[in-house]
Each structure stands twice: as structure tokens, then as C-alpha cells.
Amino acid sequence: MPFDRSIKIAPSILSADFANLGAEIRAVEAEGADWIHVDPMDGHFVPNLTIGPNVVAAIRPHVTTFMDVHLMIAPADPYIEAFAKAGSDMITVHAEAGPHLHRTLQSIRGHGAKAGVALNMTTPLSHIAHILDAIDLILVMTINPGFGGQKFTRSMVEKVAEARAMVGDRPIHIEVDGGIDPATAPLVAGAGADVLVAGSAVFKGGSVERPQVYGENIRAIRAAAED
Ligand code: DX5
Ligand code: ZN
């Protein structure tokens, strides 16, 4: 399959109804989601606790698109195998989460998943400049990770543009996460991001009983990004 740099909207299920994750995933996919973004957190690397590999495995059968798993855990290495076996298509680790990032990326690919690197806002792109062959996705954080519903950080637009220039023709996705909505989507898409994570901006106002709201929200973000 050729590498796809078109805009992909990835709803973060952190903003979904956790008692109803399977139905929530089916609803956003039916309403146009391209990827499903999953946010495991360990209460240590970030000040919040969310989901582990068992929940990822449980939701796997409901994902028919692409399961994009953003690990906010440190160390990540002991859990790569479990998240891969749970069916993650992409496993993204934070560059700040361990001393041997390249080994971690090799481990992810060795377990059959695609390998992403997330950069906290204060971590420069130079951190990964020499290991691009080991990376399938760069996640430029546009908030401090840990919670949904935070305000987008404008100075990250320039970082997205730098990431896009650094990647060149390589088949590496550029993803953004945090505060993405119809107002901020054009900024990051214009700078070269192709995967737009959105939690609150997708799920707000909707429910599995009113999934058409999810569709309206997704279309609004996509239209703004493609404008
Ligand atoms: C936060 C997570 C995000 C979060 C984004 O650490 O990585 O994926 O769900 O939420 P919004 O889109 O509401 O900023
Ligand atoms: Zn995320």
C-alpha cells in the first residue's frame, strides 16, 4: 500500500464514554474517523491513569480502521509486547520515557507493529534526527500530555513545519495531539501534519444515541484542515 499523507482524523477515545467503548468506536468509525487513537497512561510519566493492555485487547475487535496507541508510560519497554499482542497497529512511545529509544523502537517493530515517537513540547526534533529509519510516525505534542480538553499551544506549529521538513520523502507520518479543533486544524495541517488527533472536539455534544454529532464534528475538523 503506498504511503498515505492525506489528512486523517483520529478521535481520541479518552473523551468517549468509558462504559461503552466498543459502541463509541463503532460510532466514530461509521461517522468518518480514519484512525482510532488510544491513550494509555501510568500515573507516573503523566499525572493520570487510564487504560492498560487488557482494555486495548478488548476494544481491538471493534476497530476496523487503524488502532493508534499512544503510550504515556515510563518505562515503556516492559509493556511493548503486551500492547503489541493486544493488537495495536501503531505503538507510539515518548522520547522522554526511557534511555534507549532506538532499542524501544526496534522492539515495537520486532513485535509486528509500526513504531511512533512522541515528543513533549520541550523535547527538540534533533533528539530523533539520526534515527528516522526506525520511525513510522512522529507525534508532535501540542499540549502537556495527561488530559483531554487542554488549550492548543501555538508555538508548536513551527515545530510541525520543522518535522515535516526533516521527514522529507520518508514514509513517516506527522501527528499532532492536544487542542485540535476546527480552529487549530488548519494551522497544523498547513504546517504538514497528516494525522490529527482530537478528543473533546470529536466527542463533544454527541453520544452513541446521537452519533451524527460525531460525524458533524469530524467533518468540521477535516474541512478546516483541508481548506
Ligand atoms: C492527552 C492525550 C490526547 C487527548 C487529546 O495526553 O494524548 O490524545 O485525548 O484531547 P483533546 O483533543 O481534547 O485535546
Ligand atoms: Zn494521545
Side-chain angles (χ1 to χ4, degrees), residues 7-18 21 24-25 28 32-52 55-56 59 63 65-74 76 79 83 88-97 108 113-123 136-154 156-157 159-160 173-189 193-206 213-214 216-218 220-222 224-225:
I7 295 292
K8 290 165 284 295
I9 308 298
S12 162
I13 59 168
L14 193 59
S15 292
D17 174 5
F18 267 39
L21 285 177
E24 291 274 46
I25 288 167
V28 289
D34 299 291
W35 289 13
I36 297 297
H37 185 84
V38 186
D39 288 301
M41 302 184 191
D42 67 355
H44 161 78
F45 180 69
V46 290
N48 195 5
L49 275 169
T50 55
I51 71 178
V55 175
V56 175
I59 62 176
V63 178
T65 55
F66 186 86
M67 190 160 70
D68 176 36
V69 178
H70 171 199
L71 298 184
M72 284 158 276
I73 62 180
Y79 302 100
F83 281 105
S88 308
D89 294 305
M90 177 80 71
I91 298 178
T92 296
V93 292
H94 268 262
E96 309 83 11
I108 294 170
K114 292 200 177 297
V117 177
L119 300 174
N120 277 337
M121 294 196 289
T122 51
T123 303
D136 299 297
L137 174 145
I138 300 171
L139 169 47
V140 177
M141 291 304 302
T142 45
I143 54 162
N144 292 309
F147 303 94
Q150 302 182 75
K151 191 173 178 298
F152 178 80
T153 309
R154 282 203 169 234
M156 291 300 116
V157 173
K159 191 176 185 183
V160 172
H173 296 289
I174 298 180
E175 181 175 58
V176 285
D177 187 1
I180 303 300
D181 60 20
T184 56
L187 305 176
V188 288
D194 63 297
V195 186
L196 276 53
V197 176
S200 39
V202 166
F203 286 95
K204 72 165 191 299
V213 177
Y214 296 158
E216 289 161 15
N217 291 342
I218 290 169
I221 299 166
R222 192 191 305 283

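Because only heavy atoms are used, hydrogens play no part in the values below, and waters and symmetry mates are left out as well, while side chains stay in. Just follow the structure's listing: the first ligand is 1, and inside any ligand the first atom is 1.
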- Classify the side-chain pair H37/D39 by whether it contains a donor and acceptor separated by less than 3.5 Å. yes
- Message: Distance check, rounded to the nearest 0.5 Å: F147 atom CZ versus M41 atom CE?
- Response: 7.5 Å
- Query: Looking at CE of M67 and CD1 of I25, how far apart are the two atoms once the value is rounded to the nearest 0.5 Å?
  - Reply: 8.0 Å
- Nearest protein heavy atom to atom 14 (O) of ligand 1, by residue and atom, and its distance? G179 N, 2.8 Å
- Query: Taking the Zn ion (ligand 2) as the vertex, what is the angle from OD1 of D39 to ND1 of H70, given to 10 degrees?
  - Reply: 90°
- Protein heavy atom at shortest distance from atom 6 (O) of ligand 1: G146 N, 2.8 Å
- Could you state the interatomic distance from CD1 (I180) to CD1 (I143), rounded to the nearest 0.5 Å? 9.0 Å
- Can you check whether V197 has an N/O within less than 3.5 Å of an N/O in ligand 1? no
- Note on the structure: Quick note on ligand 1: atoms under 4.0 Å from a heavy atom of M72 include exactly 6 (O), 7 (O)
- Message: Please list the nearest protein heavy atom to atom 13 (O) of ligand 1 with its residue and the distance rounded to 0.1 Å.
- Response: S200 OG, 2.5 Å
- Task: Write out the residue and atom name of the closest protein heavy atom to atom 12 (O) of ligand 1, then the distance separating them to 0.1 Å.
- Result: G199 N, 2.7 Å
- Min N/O separation M41 to ligand 1 under 3.5 Å: no
- Of the listed options G149, A201, P11, closest to atom 11 (P) of ligand 1 (non-hydrogen atoms): G149
- Task: Pull out every atom of ligand 1 sitting under 4.0 Å from any heavy atom of L14, numbered as shown with elements.
- Result: 4 (C), 9 (O)
- Item | Those atoms of ligand 1 less than 4.0 Å from some heavy atom in P145 | 6 (O)
- Flag yes if more than 12 heavy atoms outside Y79 fall under 6.0 Å of its OH atom; otherwise flag no. no
- Note on the structure: Per-atom filter on ligand 1: closer than 4.0 angstrom to a heavy atom of G178 are 14 (O)
- Separation between CG of L119 and NZ of K159, rounded to the nearest 0.5 Å: 5.0 Å
- Query: What class does the angle between the rings of H94 and F45 fall in, given that below 30° is parallel, 30 to 60° is tilted and above 60° is perpendicular?
  - Reply: tilted
- Query: Which ligand 1 atoms are under 4.0 Å away from a heavy-atom of H70?
  - Reply: 7 (O)
- Task: Please round to the nearest 0.5 Å and tell me the distance separating atom CG of D177 and atom OG1 of T142.
- Result: 6.0 Å
- Message: Give me the residue, atom name and distance of the protein heavy atom closest to atom 1 (C) of ligand 1.
- Response: F147 O, 3.6 Å
- Query: Of all the non-hydrogen atoms in the protein, which one sits nearest to atom 3 (C) of ligand 1, and at what distance?
  - Reply: D177 OD1, 2.9 Å
- Atoms of ligand 1, numbered as shown, that sit under 4.0 Å from any heavy atom of S12: 4 (C), 8 (O), 9 (O)
- On the 0 to 90° scale, with breaks at 30° and 60°, tag the W35-H173 ring pair as parallel, tilted or perpendicular. perpendicular
- Task: Any chance you could measure M141, atom CE, to E96, atom CD, to the nearest 0.5 Å?
- Result: 9.5 Å
- Task: Would you mind listing which atoms of ligand 1 come within a distance below 4.0 Å of any non-hydrogen atom of G148?
- Result: 10 (O), 13 (O)
- Message: Looking only at distances, can you tell me whether any N or O atom of N144, backbone or side chain, sits closer than 3.5 Å to an N or O atom of ligand 1?
- Response: no
- Item | Side-chain (T92) to main-chain (A118) donor-acceptor, under 3.5 angstrom | no
- Near A198, which atoms of ligand 1 are under 4.0 Å from a heavy atom of that residue? 12 (O)
- Item | Nearest to the Zn ion (ligand 2) - the N/O/S atom of D177, by atom name | OD2
- Quick check: does S15 get an N/O under 3.5 Å from an N/O on ligand 1? no
- Message: Considering non-hydrogen atoms of the protein only, which is the closest contact for atom 2 (C) of ligand 1, and what is the distance?
- Response: D39 OD1, 3.5 Å
- Message: Test side chain to side chain contact (heavy atoms under 4.5 Å, CB included) on I59 and I13; report intermediate values, then the result.
- Response: CA-CA 11 Å; I59 62 176; I13 59 168; 3.7 Å; yes
- Under a 4.5 Å cut-off applied to non-hydrogen side-chain atoms, are L187 and F152 in contact? yes
- Query: Does D89 come within less than 4.0 Å of K114, counting only side-chain N to carboxylate O?
  - Reply: no
- Item | I143-ligand 1 polar pair, N/O distance under 3.5 Å | no
